[in-house]
Each structure stands twice: as C-alpha cells, then as structure tokens.
Protein chains: 2
Amino acid sequence: MVRTKKEKASTRIPRKDQIEIIATDLFKERGFAANSMRDLASAVGIEAASLYSHVQSKEELLHTICFKMAHDFFEAIEKSENKTATYPDKLQELILAHVSIILRNVAAAVVFQNEWRHLSEPYLSHFLELREQYETRLRILIQEGTEAGEFIPTDAKFITHTLLSSLNGIPQWYVPDGELTPENIADLFLNGFKTTKN
Amino acid sequence: MVRTKKEKASTRIPRKDQIEIIATDLFKERGFAANSMRDLASAVGIEAASLYSHVQSKEELLHTICFKMAHDFFEAIEKSENKTATYPDKLQELILAHVSIILRNVAAAVVFQNEWRHLSEPYLSHFLELREQYETRLRILIQEGTEAGEFIPTDAKFITHTLLSSLNGIPQWYVPDGELTPENIADLFLNGFKTTKN
DNA sequence: CCTACCGATCGGTAGG
DNA sequence: CCTACCGATCGGTAGG
C-alpha cells in the first residue's frame, strides 16, 4: 500500500482546514481537555509533531472555533438591530439567523457552547464580553418590543436566558438528516413570542 | 503553625463527603478531564495519594455525582406520574421538582449536564438510558395532557427538548442569593404551557 | 494520611 | 511531514 499519488478528496481542502474540522468534531465529542494532539493527529492521519506545521498550539484550534462562532452570532444581532421592521420581525430574523448558524456547523456550535472555559486570558475575557453583549442586546430587543406593545409582557431577563438555552440546546436533539429546516425550527420558537393579536 | 487540635468546622462532615463536594465544584468549573487528582487533593488540603483512602478512582467521583442527580430526577418524574391530578398540575409539580433539584446543588447539576460523557462503560450506557427515559416520560406527559385538551396543542417533542434545555440552563444565569425561589422560577416556566382557559 | 515512586501520556521542540 | 526527544504531569500503588 504505497501512496504514489495524492488522493483527490484529501487535496480538496487545505490541511489546516481539515485539521480544524476534525478537531472541532473531537472537541465536540469528548471535550477539549480530554483530546490530545496525538488523538487529533491520528484522526487526521499524520504524526502529532506534524500538526505544528499547520497550527501553533492546541489552544489556537479552540480559539479559532470559538471566535468564528462568536463572530457569526455577533453579525446576526447587528443585522437584526439595523433592520427597519417590527420587533417580532426583528426577533424572528435573529432567531432564524441563530438557528441557521448552529445548524450550519453543529459541532462548532457545541464546542462554542461547552469548551470556551478552556480558553486562556486574554481570550477568555474577550469571549465572555462578546457573549454578554449578545445576551444584553437580545434582552433589549425583547424589552423594547414589549414596551412598544408588540410582545406579550414577560420577564425579559428570564425569557432571554430561556430562549438562549433552548436555542443553544438544539444540537442535543437535532437530527441532521431529519425533515426540519432552520426555518421550521425558527417558526417553532416564534410561536408564543408574538402578540396574540397577530 | 502546628495543628494541635482538629478544627470543628472541618470535622463536621466526613472527609469523603467533603472530597465529593469539592470535586463537584472543580468539575463544574473546569470540567472532569481538566482537573487532576492533585488539583482536587490540593483543594481539599491533603496529598493526592491520600484521596485514594476515601475514593477508589477519579471516575468514581464523577459516577457518584451523575447518578445521584439522575436518581433525584427519576424520583421526581415517578412521583408526578403517580399523582392524581390534571396534566397541568402534574407538569407543574414536575417542573417545580426539577428546578428544586437543580437549585439544591447547582454544581452537581452542571456536572450532571456536562460531564457524563466521561463516564466509561457500562455506566455510560446506564446513564444515557436513564436520561432518555426521563425525556420520554416527560414527552408522554405532555402528549397525554394535550390529547386530554389540557394543554395548547404543540409539537410535543420540540416542547420537551426546549423545556429541558431551558431547565438545565438555569445554572447559567441563576444568582444563588437572588430573590428568585424555585417556586418563582417554576411559575415562570408554567406560563405558556397552561391552556388559555385557565 | 504521608513519602516515594510507577509507567503512561501530555503539549510541544529540534532538526531534518 | 517525520523521527527522536524534552520536561511536566497524569492516575494510581506500595508500604508504612
């Protein structure tokens, strides 16, 4: 079994991306701390030392995964804030975007959700800042919509936390090849948040 | 600083329990895999080797934490099933019990939620069995209540997963010394699940 | 509950 | 991308 040619499938995507994808999957499955660089290397099909030609450190991988997701979520909330629309429409757009980001890369979403605490400073602080910002701005969206009479009055803090927990819990039950689209899921979330007059 | 007497506070609870409590806190904070027995020993104030006089292995600690919680949750659902009451009342009781179990030991709830995957077989399979049982029985409660016309018709699977994600997400935002009681939180969850005629 | 220690494995580097 | 290797740390044991 001598490999005389490069295989097409493996040369399609750059090694660095391939490493990141496999790392995301491993971190999702057993966590950042429980996966060694040797585990990763073996899953990629190279030696552990060779990983360091493409990646500076184990934490760099985690950092990349977490901040890519954070960036996507942040973009989504800014987009919804800047939209000229009713609050229910803004919320609907944000929920759809949030769901879509998660479903686009479920493994990365799980790592983002569960493994950020293994980031070291100053990344950890930065990450938590972004996360709190997102929460705060979602809460404000709900508060303003409620004050405008476009949502049923609720405890905005509670609803925000509950909604986020539910959204971020999607990977726990979502079946990748099931019949549910991001739009379907977003719709399910929206029922109960619109005013009854709608 | 020679310790000539045993201090009262530290002799109050058995060492084994103390180790378990501190382990729960460490596992909650940085995960099972990222905490070493030396970390635990140092937090307890003894040498690593001394832990093994009280505990068989690192995993035994995780096992104890996870299955204690699983047992409590299981007891709660059985109690609610056996109660003669309307479905909304059954659900209310279950939600209150679930919230109470989480708030009674937030750290253990977080470990239960996040660290079970580090259990080895056959414990892992057993754990997942219990977990699925709980989910299934909650879903059935909601389905039966809906068929009985006591809940607004919804997608029972979706509602079950969403409710559980929200409940299990409580530790992410709950402030221990805040003004919210388990009853307050359970009430917040119940709005939206009762029929409008109520 | 401690000292002393085991083999295994960790993240990462040197040098090619 | 590999071989060879580093010091540090891991879970756990022996023997007291």
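As the structure is a prediction and not an experimental result, all values here were calculated from the model. Chain A is the first sequence line, chain B the second, and so forth, proteins listed ahead of strands; every chain is numbered from 1. Below, all heavy atoms of this structure are taken into account, side chains as well, without hydrogens, waters or symmetry copies.
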As a test of understanding, state which of A/Asp155, A/Ile159, A/Thr154 forms a side chain to side chain contact (heavy atoms under 4.5 Å, CB included) with A/Lys157. A/Asp155
N or O in side chain of B/Ser50 less than 4.0 angstrom from C/dC2 OP1/OP2: yes
With B/His63, the ring-ring contact (aromatic ring centres under 6.0 Å, His included) member among B/Phe127, B/Tyr123, B/Trp116: B/Tyr123
Donor-acceptor contact below 3.5 Å, side chain A/Ser165 vs main chain A/Thr162: no
B/Lys16 has an atom NZ; how far is it from atom P of C/dC1, in whole Å? 13 Å
Is C/dA8 paired to anything, Watson-Crick or G-U wobble with both distances less than 3.5 Å, and if yes, which nucleotide? D/dT9
Which base sits across from D/dG15 as a Watson-Crick or G-U pair, both distances under 3.5 Å? C/dC2
Do B/Asp72 and B/Arg104 meet the salt-bridge criterion of a basic N to acidic O distance under 4.0 Å? yes
Using atom types as modelled and distance alone, determine if a side-chain donor or acceptor of B/Glu75 lies under 3.5 Å from a backbone N or O of B/Lys79. no
Which whole-number value in Å describes the distance from A/Glu47 CD to D/dC2 P? 5 Å
Just by protein heavy atoms under 4.0 Å, how would nucleotides 9-16 of chain D read 5' to 3' in B, S and -? -BBBB---
Ring centers of B/Tyr134, B/His98 separated by less than 6.0 Å: yes
